[in-house]
Chemist: 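Next up is a structure, given as structure tokens.
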Amino acid sequence: MITAGCDVGSLTAKAVLMEGDEIRSFEVIRVYASPEKSAREVMERMLSKVGMKFDDIECCVGTGYGRKHIGFVKGVESEIACHARGAFFMNPNVRTVIDIGGQDAKAIKVDQQGNVSRYVYNDKCASGTGRFLEIIADALEVPLEKLGELSKKSTEFYTLSNQCVIFAETEIISLVNDGKDIPDIVAALHRAVANRIAALAKSISVETEVVMTGGVAKNEGMFEALQQALGVEIKSVPQPQIMGAIGAALFARDLLVRT
Amino acid sequence: MRKELKEYKFDWMLLSCFSAASKLQNGTEKEYQQMLRYIPYFRGVVETVLSTGKPGQRFIEICAKYLDNLVNAKERGYHTAITTFCFSPIIFYAMDIMPICLEVMSVMLTFTYKRGSSDFLDFCNEVGFTETSCSSQRGSLGAYLAGIGTDIDMIVTDTPGVCDTNANAFAFAASYLNKPFFQLDMPPDLTGNRSDEYHREDYKALIAFLEEHTGKKLDLDRLRETLQEAEKQDAMIAELEELARLVPNPLPVTYNFFVYASRFLFAGMPECTRVLEAMLEVGRKNAAEGKSGISNGKEKVRSFFCYIDHYVQSLKFWQMLDEYGICYQGNILSRSWASNAPHVKEYGTYEAAYTLHTDDLDKLIGDIALLNSRMPMIKSIRGPYDAPHMWLQDTLSLAKMYKADFIVYNGTPGCRNTWGMVKLLARDTEKAGFPTYIMYADAFDERVQSWETTRDRFLEFLTVRRLI
Amino acid sequence: MMDAFLHAATSLENDYVKKWKSAGKKIIGYTCSYVPDEILHSVGILPYRIRGYGVGDTAIGDTYFGPFICSLPRCMLQLAGERKFAFLDGIIITPGCDSMRRLDECWRKANDDIQGILPKFHFHYGVPHKYADYTIKWFYDETVRFVNAVESHFNVRVDEEKLRNSIRLYNESRKMLEEFEALRCAEKPPFSGTEALAVIISGCAMPREEYNALLKNFLEESKALQGIKNRIRLMLVGSANDDIELVRVIEESGALVVADNLCFGARLYEDLVEEQGDPVFNLAKRYLAHNECPRRYGDYKKRLAILREKAHRARVDGVILQNIRFCDLHGAENGLFERDLEKEGIPCMRIEREYGPLVEKGRLKMRVDAFVERIRQKRREIA
Amino acid sequence: MRIVAGCDVGSLTSKAVIMSDGKIIASSIIKSKARPWESAESVMNEALQKAQISMNNIAFCVGTGYGREKIPFVNEISSEIACHAKAARWLIPNARTVIDIGGQDCKAIKLDEKGNMVKFITNDKCASGTGRFLEVMAKVLGVGVDQLGELSSKSKNPITCATACTVWAQADVIQHINDGVPIEDIAAGINTAMAARMSVLAGNIGVEREVCMTGGVAKNEGVVQALEKILGVKIRRIRNADPQIAGALGAALIAKEKLGEDK
Ligand SMILES: Nc1ncnc2c1ncn2[C@@H]1O[C@H](COP(=O)(O)OP(=O)(O)O)[C@@H](O)[C@H]1O
Ligand SMILES: Nc1ncnc2c1ncn2[C@@H]1O[C@H](COP(=O)(O)OP(=O)(O)O)[C@@H](O)[C@H]1O
Ligand code: SF4
Ligand code: SF4
Ligand code: SF4
């Protein structure tokens with residue numbers, strides 16, 4: 001049984017190909033303005049990695065921000081359900097999934113069967129999302145992928161408390177202006193975001209085991225900071241960014257079995 | 001504020017729309033279509049409301065009537081008072097004062113204009129009011145602050161002790177417009193002798209204030225008449241609430257709104273009674289046939305709202321509920337706390353309810369004071385949310401009794417009061433087995449969260465939690 | 001001496017608190033200035049004003065409060081969650097404003113998750129929003145209920161004579177603070193607004209006897225000082241503030257804060273308590289009457305008159321009207337103050353800020369600078 | 001006649017203006033660098049080069065902007081608000097209201113007939129009324145900020161833009177794009193939202209004619225026109241200089257005053 005999941009997010013599009021319980025191929029790309037185009041592109045690249053064609057896929061499910069606009073999928077599922085499903089597939093002991101993507105952060109509680117029992121999104125303010133980290137990385141002129149590494153070198157403790165992404169940018173620039181070290185600033189940034197997300201997760205109470213998914217999980221600095229803020233260990237999963245797409249591929253399997 | 005808005009009296013504009021809408025049903029189909037073209041945005045609301053038949057028709061009529069009374073209040077010799085939705089208008093009607101209920105006016109604005117009340121919301125900020133305060137008063141208040149509404153004689157509120165942002169809006173208006181102001185203050189406890197006495201004394205002070213500013217004495221016989229009508233209405237509301245317990249619920253999703261809006265506008269007046277009568281007719285008929293009130297006849301899930309509805313965008317929120325077969329089991333603000341209300345009987349919470357003794361003139365003031373202290377919000381939001389008769393207890397008992405499958409919170413970001421404790425409430429209701437959804441939208445201002453996002457997130461909740 | 005005040009103003013568990021605790025005595029915290037200190041004082045309990053000072057992040061606060069809530073109570077909850085108030089034996093929450101009143105529930109519920117952060121004694125003090133015979137009666141009954149609760153929980157007895165003594169002691173303090181106020185608005189104030197705030201805050205955080213002694217010395221020493229001159233004289237009005245840093249930032253721009261109308265500020269000590277008659281009743285009357293904050297709806301004119309009078313007495317050049325974001329009470333009233341004071345030719349500047357670490361120093365400074373420039377320009381015009 | 005200069009170091013852009021004989025002889029705008037002194041040096045050098053003079057030729061220089069305290073070469077500093085007020089009078093002599101929308105904040109300033117600052121207000125907590133908001137949105141739409149104005153002039157049916165927050169508004173805009181809403185309608189919605197926020201500030205101080213707009217966003221006709229519509233007054237267009245350099249221009253004018261060459 002060959003199924004696929006296609007997750008068109010706000011910043012990246014992800015595709016996963018599964019054969020039975022095995023992940024055969026996956027791909028992550030930056031999104032284009034049109035979700036349809038992002039979806040096609042990521043699928044094609046993912047398929048070409050293993051030399052397969054679109055027709056080889058028996059069923060494909062879409063998820064993510066742009067899911068309503070992907071023409072070729074047989075069904076759609078919400079990101080919440082997909083991230084929970086993907087995480088549960090990777091680690092059946094998971095009870096709390098924290099997904100931080102580009103546009104939003106979510107805390108999801110999963111029961112023993114892998115069903116979602118409660119979830120929350122980040123509050124009205126957008127700080128605490130991947131986008132926030134990107135804007136700041138941009139302002140600091142450091143590559144996004146380096147944030148985690150940089151924060152490890154931090155020696156001094158600052159507090160950032162500006163809620164607003166845009167104003168935080170100003171605040172951070174003024175820290176730079178004051179001659180503060182970039183690693184310390186990055187570490188402070190991670191703590192600020194992590195605290196915000198910890199508050200989110202704790203408001204629905206955190207049960208172990210905890211798994212972090214979404215692109216931001218690739219940032220070790222954030223991973224660490226979140227662990228600190230939650231006060232519990234976070235289990236890592238390989239390729240956290242594609243968890244939603246894995247979930248979607250699993251839903252595709254259900255769909256296939258049902259029909 | 002845009003210049004063109006200042007050119008007309010805003011309440012007169014509303015009246016034109018509503019009175020046009022109230023005449024629709026009597027014309028031919030062609031006239032109907034013709035008329036709708038004049039009120040392009042309002043159309044969605046009008047069609048939704050009128051599609052419910054006689055109750056909707058009567059509802060629109062009383063809205064028009066209310067606006068007509070308001071616009072012409074001065075000419076007809078009435079005094080005018082700006083007041084809030086959780087203030088029972090009975091006392092005003094008994095004293096020839098036209099109550100101008102800001103929240104209802106704000107809803108009407110969101111119904112009629114594409115931009116809703118946003119210009120007026122912003123105008124409040126221009127004159128120094130905070131943009132973080134609740135949009136439900138701010139919407140129409142802006143028009144009064146701008147001086148484009150009916151002349152105001154006084155400002156009266158009863159939300160101190162319950163909701164700051166609400167009370168503060170009235171206090172601000174009084175200072176800004178330099179008008180007489182009276183506050184009924186609510187002690188943190190609802191029940192008990194101390195609270196009863198406080199409510200009574202405070203209410204007497206209110207009457208003294210109203211007498212002073214109208215130059216008329218309160219006529220107890222007239223008050224009795226109005227209260228007798230209110231008593232009749234309470235009985236009818238109790239019957240409607242009883243009907244809502246049935247599975248499927250025979251009442252259409254819009255009825256809750258009709259009930260409480262009619263009460264806020266015309267409690268104790270025959271206008272309200274007429275709407276209730278029409279609703280009962282439909283409800284009884286549906287119930288007898290075992291029919292659901294949902295348009296396509298299929299009730300899939302039952303929702304209970306622990307706060308308010310979502311008014312922006314032509315009632316699309318209710319259309320969505322109807323479309324997905326989501327039965328609307330009312331909200332915390334739509335319940336009556338008369339002692340004959342079904343939930344009061346069911347749970348025996350008589351001390352938290354009120355009883356009218358219209359045969360005893362001496363008791364009238366005390367009764368109406370108590371009635372007022374049991375108005376929506378005033379009743380269950382004043383103390384800690386988990387105290388007896390407060391938010392949690394009311395939410396859970398109503399959700400249970402009306403067999404709701406899930407609970408929804410919707411408010412406005414200005415609602416410090418509920419936002420301060422809704423996370424705690426949601427934990428408890430979840431624990432009690434009700435999936436609970438917290439909406440981040442603003443009930444009156446689409447600019448806070450677009451309708452598309454509101455809808456998508458709501459439907460996502462229903463799917464993820466496997467409710468539909 | 002100033003050091004003692006600065007210390008008390010910039011720490012929660014200060015040396016006085018530590019000393020008090022190590023003597024095995026009790027401390028009760030409260031959130032709002034409607035609580036009669038004297039009652040606690042008379043039974044040997046230290047009344048302590050709960051603050052939000054020194055918070056880093058507000059993850060705990062945000063867990064329970066919703067997103068649209070004033071940061072002051074959120075910071076308080078944060079500190080409670082971090083066990084920074086572990087020295088409190090009791091707390092009193094008043095429905096000062098909606099954000100603050102929800103601290104009651106949020107603190108209790110946080111205690112389910114972070115055990116032991118809620119003192120055993122907690123009391124909800126129902127303060128009316130207006131002043132009338134029947135509201136004083138309510139407040140009196142509430143105060144009696146409070147007395148009973150303290151008596152039974154701490155196994156003490158509120159003795160009438162002792163209570164009278166406490167009232168006298170606090171009145172003494174109030175009289176000294178009046179003197180202090182006079183010095184502060186003098187032509188050449190002997191201390192800065194930053195220091196003044198430290199003095200005032202200290203009063204909420206140390207035993208009254210020690211406070212009075214410190215204050216006495218302070219006043220004497222101050223009288224001998226040269227005094228600060230040639231500064232733009234400002235009055236600070238609006239939301240509660242217990243952060244002396246805020247005043248410091250304002251004063252860095254060549255201004256001097258010579259008057260205030262703040263909850264942690266001059267409002268605390270105005271009006272004496274009557275010493276004749278039923279002490280509990282007198283306390284109820286004074287506390288309900290004195291505190292002119294916008295939660296008393298409909299009394300705007302009275303408050304405007306107070307501001308006007310203060311502005312003249314202290315010869316202020318301008319007024320900074322600040323409010324914490326989501327504080328509608330002060331925010332809206334500031335709008336009215338601005339309208340009415342500007343009409344009388346008193347320059348005003350409104351700002352909205354966040355309570356907590358002063359991260360927006362740059363933005364704040366830019367505006368104070370511009371405000372000071374505006375006033376200087378006006379002065380040049382006149383000259 | 002001595003040469004004066006103004007240097008405005010903002011957190012996003014830095015500007016310099018050099019004046020002589022009451023005329024602008026050179027100006028320059030650069031993206032701010034990590035350190036304010038670097039930005040200042042660099043923008044000043046660029047302007048000096050254009051004017052073909054050196055720092056020694058400058059008799060007095062005033063600094064402003066967020067980084068004003070860290071500019072090494074200035075003789076004095078001044079707040080941006082005062083600078084914008086000063087510049088506005090130079091640009092539009094009868095200006096009584098100045099609306100300045102820059103990258104991270106916006107201000108409304110009221111002047112008396114002599115050009116003294118009577119009142120001012122700046123936006124506070126939320127960034128959704130700033131130039132940065134427009135930049136973020138333009139990026140989402142895949143157009144330049146300088147195209148927003150023109151685009152919106154073509155709109156027939158502007159969207160209602162959720163304005164509570166820049167980042168959330170962005171999410172909304174993406175959704176509209178996905179739903180196939182024409183981008184001119186989105187652009188118009190964005191500009192109108194921006195104007196609506198600004199009009200509240202302006203309303204706060206009370207708008208009096210002439211109204212002049214400074215800051216980078218003044219170059220966005222869409223916002224300017226929407227603002228005119230909401231406020232119901234004409235906004236005088238600045239033709240004699242780039243509105244974006246107003247802060248630095250004001251600083252230079254203050255420098256001139258300091259030299260005593262004015263008044
Ligand atoms: N290699 C990386 N290192 C650190 N952070 C990353 C990396 N790749 C992506 N991110 C973070 O992940 C976010 C995107 O997350 P993703 O889950 O792909 O979002 P969405 O599903 O909304 O498109 C980015 O905003 C960025 O903060
Ligand atoms: N050519 C242009 N057309 C339209 N808008 C522009 C243009 N150039 C800049 N802007 C707007 O101006 C803003 C920057 O304004 P600016 O006054 O330079 O800000 P600051 O002084 O705060 O750095 C940008 O965010 C952008 O929205
Ligand atoms: S403060 Fe900033 S991040 Fe927060 S809501 Fe506003 S624009 Fe968004
Ligand atoms: S300002 Fe008023 S309500 Fe707030 S803490 Fe002070 S006294 Fe209490
Ligand atoms: S600052 Fe305002 S909102 Fe905050 S606690 Fe005080 S009165 Fe309440």
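In the text below, chain A, chain B and the rest are named by the order of the sequence lines, each starting its count at 1. The basis for the numbers below is simple: all heavy atoms, side chains too, and nothing from hydrogens, waters or symmetry mates.
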Chemist: Among B:G383, B:C134, B:G414, which residue forms the greatest number of heavy-atom pairs with chain C at distances under 4.5 Å?
Modeler: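 Sorted descending by pairs with chain C, the first entry is B:G383.
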Chemist: Can you tell me how far the CZ atom of B:F181 sits from the CG atom of C:D299, to the nearest 0.5 Å?
Modeler: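 Reported value, rounded in 0.5 Å steps: 9.0 Å.
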Chemist: Out of C:N323, C:L304, C:L336, C:D133, return the one with the most heavy atom pairs under 4.5 angstrom to chain B.
Modeler: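 Top option by heavy-atom pairs under 4.5 Å: C:L336.
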Chemist: Check each atom of B:S195 against the heavy atoms of chain C and say whether the ones under 4.5 Å are side chain, backbone, both or neither.
Modeler: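 Answer is both: backbone and side chain atoms of B:S195 are under 4.5 Å from chain C.
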Chemist: May I ask you to check whether C:Y297 and B:F170 place their ring centres under 6.0 Å from each other?
Modeler: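 B:F170 vs C:Y297: aromatic centres not under 6.0 Å.
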Chemist: Taking B:A205, B:S133, B:C124 one by one, which has the highest count of heavy-atom pairs under 4.5 Å against chain C?
Modeler: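 Result: the option with the highest number of such pairs is B:S133.
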Chemist: Please identify each residue that fulfils salt bridge (Lys or Arg N to Asp or Glu O under 4.0 Å) with B:D202, with sequence neighbours left out.
Modeler: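 B:D202: salt bridge (Lys or Arg N to Asp or Glu O under 4.0 Å) contacts with C:K130.
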Chemist: Where on B:N166 is there a heavy atom nearer than 4.5 Å to chain C: the side chain, the backbone, both, or neither?
Modeler: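 For B:N166, there is no contact with chain C at all, as no heavy atom is under 4.5 Å.
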Chemist: Is it true that the NZ or CZ of C:R339 lies under 6.0 Å from the centre of B:Y176's six-membered ring and within 45 degrees of the ring axis?
Modeler: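 Yes, C:R339 and B:Y176 form such a contact.
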Chemist: Shorter than 4.5 Å, heavy atoms on both sides: which option in B:A169, B:A174, B:C163 has the most such pairs with chain C?
Modeler: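 Maximum pair count with chain C is reached by B:C163.
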Chemist: Identify the two heavy atoms, one from B:W419 and one from C:P67, that lie closest to each other, and give their separation to 0.1 Å.
Modeler: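 Smallest interatomic distance, heavy atoms only, reads CE3-CD, 3.5 Å.
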Chemist: Which atoms of B:A167 are under 4.5 Å from chain C, going by heavy atoms: the side chain, the backbone, both sets, or neither?
Modeler: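 Interface part for B:A167: both.
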Chemist: Given the options C:V127, C:L103, C:T63, C:D141, which has more heavy-atom pairs under 4.5 Å with chain B than any of the others?
Modeler: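 Max contact count across the listed options: C:D141.
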Chemist: Please find the pair of heavy atoms, one from B:G420 and one from C:F65, that lie closest to each other, and give the distance.
Modeler: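 Looks like O-CD2, 3.9 Å.
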Chemist: Give the minimum heavy-atom separation between C:R102 and B:I381, together with the two atoms involved.
Modeler: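 Scanning both residues completely, I find the closest heavy atoms to be NH2-O, 3.1 Å.
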Chemist: Closer than 3.5 angstrom, by distance alone: can the side chain of B:K423 be matched with the main-chain N or O of C:Y64 as a donor-acceptor pair?
Modeler: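 Not at all, since once roles are kept as given, no pair shorter than 3.5 Å links the two residues.
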Chemist: Which pair of heavy atoms, one from B:P188 and one from C:G126, lies closest together, and at what distance?
Modeler: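 Between these two residues, the closest heavy atoms are CG-CA, 3.7 Å.
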Chemist: Within this structure, what is the CZ-OG distance for the pair C:F337 and B:S175, rounded to the nearest 0.5 Å?
Modeler: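 Those atoms lie 9.5 Å apart.
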Chemist: Give, as side chain, backbone, both or neither, the part of B:C415 having an atom under 4.5 angstrom from any heavy atom of chain C.
Modeler: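 For B:C415, there is no contact with chain C at all, as no heavy atom is under 4.5 Å.
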Chemist: Is it the side chain or the backbone of B:L392 that comes within 4.5 Å of chain C heavy atoms, both, or neither?
Modeler: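 Answer is neither: B:L392 stays 4.5 Å or more from chain C.
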Chemist: I'd like to know whether C:L329 forms a side chain to side chain contact (heavy atoms under 4.5 Å, CB included) with B:R416, so could you lay out the CA-CA distance, the side-chain angles of the two residues, the decisive distance to 0.1 Å, and finally the verdict.
Modeler: CA-CA 11 Å; C:L329 294 183; B:R416 234 57 77 223; over 6 Å; no
Chemist: If you count heavy-atom pairs under 4.5 Å with chain C, which of B:V422, B:V162, B:D189, B:V127 comes out on top?
Modeler: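 When all of B:V422, B:V162, B:D189, B:V127 are compared, B:V162 has the most.
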Chemist: Working note: C:R295 + B:D164, criterion salt bridge (charged side-chain N to carboxylate O under 4.0 Å, His left out); need CA distance, chi angles, decisive distance, verdict.
Modeler: CA-CA 8 Å; C:R295 74 183 290 278; B:D164 282 342; over 6 Å; no
Chemist: B:E201 and C:Y134: which non-hydrogen atoms are nearest, and at how many Å?
Modeler: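 So the minimum-distance heavy-atom pair works out to CB-CG, 3.6 Å.
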Chemist: Tell me every residue that passes side chain to side chain contact (heavy atoms under 4.5 Å, CB included) with B:P384, counting only those two or more places apart in sequence or in another chain.
Modeler: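 Scan of B:P384 (side chain to side chain contact (heavy atoms under 4.5 Å, CB included), adjacent residues dropped) gives B:D386, B:A387, C:D104, C:E105, C:R108, C:H124.
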Chemist: Below 4.5 Å, heavy-atom pairs only: which of B:T165, B:L424, B:T418 has the largest tally toward chain C?
Modeler: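 Option with the greatest count: B:L424.
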Chemist: Is B:Y198 close to C:P128 at the side-chain level, that is, under 4.5 Å between some pair of heavy atoms?
Modeler: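 In short, these two side chains touch, coming nearer than 4.5 Å.
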Chemist: Can you give me the closest heavy-atom contact between B:N168 and C:D328, atom names plus distance?
Modeler: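 Here B:N168 and C:D328 meet closest at ND2-O, 2.9 Å.
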Chemist: Begin with the C-alpha distance, continue with both residues' side-chain angles, and end with the deciding distance and a verdict on salt bridge (charged side-chain N to carboxylate O under 4.0 Å, His left out) for C:D113 and B:R427.
Modeler: CA-CA 12 Å; C:D113 301 333; B:R427 279 184 169 201; 2.9 Å; yes
Chemist: Surrounding NZ of C:K343 (heavy atoms of other residues, nucleotides or ligands, distance under 6.0 Å), is the total greater than 12?
Modeler: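 Buried by this count: over 12 neighbours within 6.0 Å.
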Chemist: Looking only at heavy atoms and a cut-off of under 4.5 Å, which of C:E333, C:K137, C:E142 has the most pairs with chain B?
Modeler: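 With the most close heavy-atom pairs to chain B, the winner is C:E142.
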Chemist: Can you say whether C:R145 sits under 4.5 Å from chain B via the side chain, the backbone, both, or neither, judging by heavy atoms?
Modeler: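 Interface part for C:R145: side chain.
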Chemist: Is there a donor-acceptor pair under 3.5 Å between the side chain of C:R325 and the backbone N or O of B:T132?
Modeler: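 Not confirmed, C:R325 side chain does not pair with B:T132 backbone.
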